[in-house]
Amino acid sequence: MALSPQDLHRIAQSRGWRDGRVEVFDTASGKVTVKGLRATRHAARYHLLNGVARLLGLPFLQAAPMPGGRQAQQTEVARLRALHGVGARVPEVLHVDEDHFVMRWLGQDHLGDVIQSHHPQAAALWREAGDALVRLHAAGQYLSQGFARNMIVDGAPAAPAWPG
Ligand SMILES: Nc1ncnc2c1ncn2[C@@H]1O[C@H](COP(=O)(O)OP(=O)(O)O)[C@@H](O)[C@H]1O
Ligand SMILES: [Mg+2]
């Protein structure tokens with residue numbers, strides 16, 4: 001699915017994703033999420049943290065590399081495309097630009113909120129997410145930060161309808 005030149009122009013001009021990093025748009029091709037580039041991170045703090053972790057004999061506390069900027073966007077887009085290519089339910093990447101990229105919008109409820117709001121299906125949804133992770137790893141794929149807040153629940157009822 002290609003976005004129209006008008007939608008791409010409107011997205012490129014927007015302040016929303018520049019100010020807030022993530023912005024949702026209604027386009028002629030449906031709802032999309034736009035993610036702006038994150039500032040490049042300085043490696044010095046990570047080197048310091050990693051040095052301390054090694055000195056303490058706790059190498060597993062070393063930081064995962066988080067470069068920010070273009071490199072981070074390239075990595076994210078490449079992972080999304082690879083995961084989409086093997087049928088994982090990640091958002092399809094629709095457009096990549098210098099300082100932002102556009103993907104399909106998946107929905108509004110993330111699993112973290114669903115669990116915390118005592119949704120009647122919370123345990124089953126949590127289990128489903130765990131099973132999905134196991135299948136993904138078995139297929140030789142991986143996520144970064146595969147946390148509940150980074151998983152969107154498909155078709156969950158709106159929060160006010162859930163019993164507290
Ligand atoms: N494709 C998408 N569909 C629906 N919501 C999204 C999508 N991408 C991001 N979001 C929302 O924006 C939030 C931040 O996006 P995320 O990709 O997790 O950014 P970060 O890399 O800063 O963690 C997510 O927790 C989710 O609520
Ligand atoms: Mg996130």
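These figures come from a predicted structure and were not determined experimentally. Indexing begins at 1, ligand by ligand and atom by atom, following the structure's order.
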(request) Could you check which of Arg38, Gln108, Arg104 puts a non-hydrogen atom nearest to atom 22 (O) of ligand 1? (result)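 It is Arg38 whose heavy atom sits nearest to atom 22 (O) of ligand 1.
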
For ligand 1, which atoms sit closer than 4.0 Å to a heavy atom of [X]?
{"X": "Pro91", "value": "1 (N)"}
{"X": "Trp105", "value": "3 (N), 4 (C)"}
{"X": "Gly107", "value": "4 (C), 5 (N)"}
{"X": "Arg21", "value": "20 (P), 21 (O), 22 (O)"}

(request) Would you check if the Mg ion (ligand 2) lies under 2.8 Å from any N, O or S atom of Asn150? (result)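 Within the cut-off used here (under 2.8 Å), Asn150 does place an N, O or S atom near the Mg ion (ligand 2).
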
Salt bridge check: are [X] and [Y] linked by an N-O gap of less than 4.0 Å?
{"X": "Asp113", "Y": "Arg149", "value": "no"}
{"X": "Arg70", "Y": "Asp99", "value": "no"}
{"X": "Lys35", "Y": "Glu76", "value": "yes"}
{"X": "Arg135", "Y": "Asp131", "value": "no"}

Just to confirm my output: which protein heavy-atom neighbour is closest to [atom], and how far is it?
{"atom": "atom 8 (N) of ligand 1", "value": "Met103 CE, 3.4 Å"}
{"atom": "atom 25 (O) of ligand 1", "value": "Arg149 O, 3.4 Å"}
{"atom": "atom 14 (C) of ligand 1", "value": "Val22 CG2, 4.0 Å"}
{"atom": "atom 17 (O) of ligand 1", "value": "Lys35 NZ, 2.5 Å"}
{"atom": "atom 26 (C) of ligand 1", "value": "Ile152 CD1, 4.2 Å"}
{"atom": "atom 23 (O) of ligand 1", "value": "Asn150 OD1, 4.1 Å"}

(message) If we count only non-hydrogen protein atoms and require a distance under 4.0 Å, does atom 4 (C) of ligand 1 qualify as touching the protein?
(response)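 Protein heavy atoms within 4.0 Å of atom 4 (C) of ligand 1 - there is at least one.
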
(message) Under 4.0 Å, heavy-atom basis, I'd like to know which part of Thr33 is in contact with ligand 1: side chain, backbone, both or neither.
(response)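 For Thr33, only side-chain atoms sit under 4.0 Å from ligand 1.
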
Take a 6.0 Å sphere around [atom1] of [X] and say whether it holds more than 12 heavy atoms from other residues, nucleotides or ligands.
{"X": "Arg10", "atom1": "CZ", "result": "yes"}
{"X": "His137", "atom1": "NE2", "result": "yes"}
{"X": "Arg127", "atom1": "CZ", "result": "no"}
{"X": "Trp126", "atom1": "CH2", "result": "no"}

(message) Between Leu94 and Met103, is there a side-chain heavy-atom distance shorter than 4.5 Å?
(response)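 SC-SC contact between Met103 and Leu94 ruled out.
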
(message) Any side-chain to backbone donor/acceptor pair from Asn150 onto Gln145? Under 3.5 Å, distance only.
(response)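 At least one qualifying donor-acceptor pair exists.
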
(request) Flag Leu106 as yes when one of its N or O atoms lies below 3.5 Å from any N or O atom of ligand 1, and as no otherwise. (result)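 N/O-N/O distance below 3.5 Å exists for this pair.
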
